[in-house]
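All figures in this text were calculated on a predicted structure; none of them were measured in a lab. The chain is numbered in sequence order, starting from 1.
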Amino acid sequence: MRAVEELGHATVDEVLAQVRTQASAVNASTVYRTLEVLEELGLVRHTHLSDRAPTYHSANEPEHFHLVCRNCQRVRSVEPDVATALVATLRDDHGFAVDPGHLAIFGNCINCDSADNQLESS
């Protein structure tokens, strides 16, 4: 749990590396099982921020969703009220209840988008 809190958003491999700084005998399957139990207990949450393994974060953090830049891989946490209109539309028009904590929106951050636009106009 401490490793997840210290790392913020971390894959199982990143949690494993952090845990091994304190307990070198811990293996990956132990970390996977422990993260599953912690999630069942509501202490951690996961989301998929890439095509890699899930990324875990502490449930003690305020509720948020993620913006992921496909170019620089920067991940930004965003308060769920930013997506209120989208969440309401999905619920009302499509009968779908969104879990914002598992939501990741992919695109380009403004810095990468600006750089791409400059290259296209050259």
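A donor-acceptor pair shorter than 3.5 Å can be found between the side chains of His46 and Glu39. Side-chain polar atoms of Asn27 and Ser29 form a donor-acceptor pair below 3.5 angstrom.
Put simply, Val98 and Leu67 are part of two different groups of oily side chains (I, L, V, M, F, W, Y) that touch within less than 4.5 Å, one to the next. Residues Phe106 and Leu103 do not share a hydrophobic cluster, defined by chaining ILVMFWY side chains whose heavy atoms lie under 4.5 Å apart.
Applying the salt bridge (Lys or Arg N to Asp or Glu O under 4.0 Å) test to Asp99 and every residue at least two apart in sequence or in another chain returns Arg45. Every side-chain contact (heavy atoms from CB on, under 4.5 Å) that Val75 has, sequence neighbours left out, goes to Leu49, His66, Val68. Remark: Val37 engages Leu41 in a side-chain contact (heavy atoms from CB on, under 4.5 Å) (not counting sequence neighbours). In this view, Glu5 and Met1, Ser58, Asn60 satisfy the side-chain contact (heavy atoms from CB on, under 4.5 Å) rule, not counting sequence neighbours. Residues passing the side-chain contact (heavy atoms from CB on, under 4.5 Å) test with Gln18 are Ala3, Glu6, Leu7, sequence neighbours excluded.
Of all heavy-atom pairs between His48 and Ala104, the closest is O-CB, 3.6 Å. Shown here for Ala59 and Gly42, the closest heavy-atom pair between the two residues is CB-O, 3.1 Å. In terms of heavy-atom proximity, Ala10 sits nearest to Thr55 at N-CG2, 3.3 Å.
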(message) Evaluate His9 against Glu14 for side-chain contact (heavy atoms from CB on, under 4.5 Å), listing each step before the verdict.
(response) CA-CA 9 Å; His9 292 87; Glu14 292 165 336; over 6 Å; no
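In this structure, Cys112 and Arg74 have side chains that are not in contact, with every pair of non-hydrogen atoms separated by 4.5 Å or more. At least one side-chain heavy atom of Val4 sits under 4.5 Å from a side-chain heavy atom of Leu35.
Looking only at distances, a side-chain donor or acceptor of Arg20 sits under 3.5 Å from a matching main-chain atom of Val26. Between the Thr34 side chain and the Thr30 main chain, a donor and an acceptor come within less than 3.5 Å of each other.
Separating the SG atom in Cys69 from the CD1 atom in Ile105 is a distance of 13.5 Å, to the nearest 0.5 Å.
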Just list the side-chain donor-acceptor pairs under 3.5 Å for residues 83-95, sequence neighbours left out, or say none.
unit_1, atom_1, unit_2, atom_2, d
Thr84, OG1, Asp81, O, 2.7
Thr89, OG1, Ala85, O, 3.0

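The environment of Glu63 atom CD is dense: over 12 non-hydrogen atoms of other residues, nucleotides or ligands sit within 6.0 angstrom.
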